[in-house]
2 protein chains.
Amino acid sequence: MTLSPTVENYLKHLFTEQQDSDAELLPMGKLAAALAVTPGTATTMVKTLADAGLVTYEPRGGVRLTARGEQHALNVIRRHRVVELFLVKVLGLDWSEVHAEAEKLEHAISEKVLEKLDELLGRPDCDPHGDPIPRATGKLAVMQFKSLMECELGLPQRIMRVLGQDTGFLQTLHRLELVPGAKVTVQTRAEFTDSVNVKTAGGKTTALGASAAAKILVQPA
Amino acid sequence: MTLSPTVENYLKHLFTEQQDSDAELLPMGKLAAALAVTPGTATTMVKTLADAGLVTYEPRGGVRLTARGEQHALNVIRRHRVVELFLVKVLGLDWSEVHAEAEKLEHAISEKVLEKLDELLGRPDCDPHGDPIPRATGKLAVMQFKSLMECELGLPQRIMRVLGQDTGFLQTLHRLELVPGAKVTVQTRAEFTDSVNVKTAGGKTTALGASAAAKILVQPA
DNA sequence: GTTTTTACTTTGACTACTCAAAGTATCTAA
DNA sequence: TTAGATACTTTGAGTAGTCAAAGTAAAAAC
């Protein structure tokens, strides 16, 4: 069975949205928002996916990937992340711009090309944002990192992963040297001003808002 | 203006079909056959392309690319051929199988990625089949090679280009060492049996039918 | 416990592409 | 110069995906 790019996108977003809200069923509104389509469009498509056995759908309840749907979703995510890493490591594209490119390429990569890319890159575990790359078998490593909002103060931390794909956000992080692999220390966390003070390897100190700090995941260095 | 993959395919085939039959107008039937669609479908689409200023269309006469249509066509062909070379040289895919892969990828490659690929490959002139790669400016080198049907007998020749993309045909040529770059000598050309005897660098002699021999283009070594 | 709001579903319509089959122009051949 | 074949166009219909807007169920507020 070959899935259309559109269907692949529904499955991919279904998986990622499902992951970061641990409810039983994903509300249709969340899915529609993630895909930037109207709720009516999402409903129509989800019914089609349910008929194809890729999701279970409860009217006015929500939607959830079946095991089969999840395998397809993981395969799309694998293609996406391998391509992202290829664009950065082999072609030298900017960390902040590869997401949009990969969105198009992920639907045009055959299993054979994917395998060759994976080999060329040395069977990588993570993409340039630190997002784990599902194995060809469908296995996805689940890493539990703390964010800059939760980690210990004063202790050196290594950035492991950055959530979010907005180009501007990523460009800023790059400028601030807040990229996966970099070492940082959270100096203070101001309670009511919604702000975190972070010292980078370069010695500079930067103030981050809570929503930004929550997207930067670290582990003690 | 962004063109759909479908439109890109129409323009691409329009260009290549136009090239190897030097008539003023390309008959609709030829185009439909090249695209594997029904004549009615081709007519409908060509009218749309004409409205967009990409072709000129004479009902019951035929179709021809405008200058603008041709630039788009060359850009698609450039993406196709750069990708083919990348698949062979960097990923190590087989010469005979890259065409189908490139058919999908050519519509998903941005200008930026194309430029990086071109750079990585050292600004190549030709793809793995010897087909010339249009420059980013839209310039396409026109090479005039003789085929194994026309070249001088007994004189060593170098294979410069192989026409046709059929996987089986290309696999066979690979097995016979009849690939671009290889040295061959046409020993005899039998008049009525429609056959050509070719000696390869390895010393083996092979008989080729006229239709196959006409697809192998050479130049004195 | 009724009303209002919110979230969702349904409906009707549109774009892009496709085919099958009916219709028409043109060319060939008698 | 008419008859038939060929090549093309038109028409009607179907699939995949989309939106706007009307309709409905459930939750929240009163």
Side-chain angles (χ1 to χ4, degrees), chain A residues 1-14 17-18 20-65 69 72-73 76 103-104 106-108, chain B residues 1-14 17-18 21 23-65 69 72-73 76 103-104 106-108:
Chain A
M1 186 200 9
T2 307
L3 306 175
S4 71
T6 307
V7 168
E8 287 192 344
N9 277 332
Y10 274 82
L11 297 180
K12 183 181 64 175
H13 282 110
L14 223 20
E17 290 298 310
Q18 219 171 253
D20 38 71
S21 84
D22 43 22
E24 273 294 298
L25 292 169
L26 181 71
M28 299 303 281
K30 285 259 172 71
L31 178 62
L35 286 157
V37 296
T38 61
T41 302
T43 299
T44 310
M45 188 60 180
V46 161
K47 283 204 228 166
T48 310
L49 297 180
D51 288 347
L54 296 166
V55 304
T56 56
Y57 168 53
E58 308 246 319
R60 304 198 185 259
V63 58
R64 145 154 255 168
L65 286 168
H72 281 291
V76 179
E103 289 280 280
K104 287 200 81 184
E106 68 191 8
H107 308 295
Chain B
M1 185 199 13
T2 307
L3 306 175
S4 71
T6 308
V7 168
E8 287 192 344
N9 276 333
Y10 273 83
L11 297 180
K12 182 181 66 175
H13 282 111
L14 223 19
E17 290 298 310
Q18 219 171 254
S21 85
E24 274 294 296
L25 291 169
L26 181 71
M28 298 302 282
K30 285 258 172 74
L31 177 62
L35 286 157
V37 296
T38 61
T41 301
T43 298
T44 310
M45 188 60 178
V46 161
K47 283 204 229 167
T48 310
L49 297 180
D51 287 346
L54 296 165
V55 304
T56 56
Y57 168 54
E58 310 245 320
R60 299 193 189 266
V63 58
R64 146 154 253 169
L65 286 168
H72 282 290
V76 179
E103 290 280 281
K104 287 200 82 186
E106 67 191 7
H107 307 297

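Order of the sequence lines fixes the chain letters, A, B, ..., with proteins taken first and strands second; residue numbering starts at 1 for each chain. Just so it is clear, the structure is predicted and the values come from calculations on it, not from any experiment.
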Could you state the atom-to-atom distance from [atom1] of [X] to [atom2] of [N] in whole Å?
X	N	atom1	atom2	result
B:R60	D:dC8	CZ	P	9 Å
B:E58	C:dA25	CD	P	17 Å
B:D51	C:dT15	CG	P	14 Å
B:H107	C:dA16	NE2	C1'	15 Å
B:L35	C:dC17	CG	P	12 Å
B:M45	D:dC8	CE	C1'	18 Å
B:L26	D:dA7	CG	C1'	13 Å
A:L25	C:dC8	CG	P	11 Å

When you get a sec, tell me which of [options] is the closest nucleotide to the side chain of [X]?
X	options	answer
B:P59	C:dC19, C:dC8, D:dT9	D:dT9
B:Y57	C:dT18, C:dC8, D:dC8	D:dC8
B:P39	C:dT10, C:dA20, D:dT9	D:dT9
B:T38	C:dA20, C:dC8, D:dC8	C:dA20

Select base, sugar-phosphate, or nothing to describe what [X] touches, counting heavy atoms under 4.0 Å on all strands.
X	result
A:K47	sugar-phosphate
A:G40	base
A:T6	sugar-phosphate

Drop me the distance from A:Q18's CD to A:R64's CZ, to the nearest 0.5 angstrom.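 So the gap between those two atoms works out to 5.0 Å.
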Rounded distance (nearest 0.5 Å) linking atom OG1 of B:T43 with atom CG of B:L31: 9.0 Å
Nearest atoms (heavy-atom pairs only) where A:V46 meets A:V55: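 Answer, listing the atom of A:V46 first, then A:V55: O-CG2, 3.7 Å.
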If the cut-off is 4.0 Å, is [X] near the phosphate of [N], judged by side-chain N/O to OP1 or OP2?
X	N	answer
A:T41	D:dT18	no
A:Y10	D:dA16	no
A:S4	D:dG17	yes

Does a donor on one side chain sit under 3.5 Å from an acceptor on the other, for B:T44 and B:T41? no
Can you list the steps and then say if B:E17 with B:K12 is a salt bridge (charged side-chain N to carboxylate O under 4.0 Å, His left out)? CA-CA 9 Å; B:E17 290 298 310; B:K12 182 181 66 175; over 6 Å; no
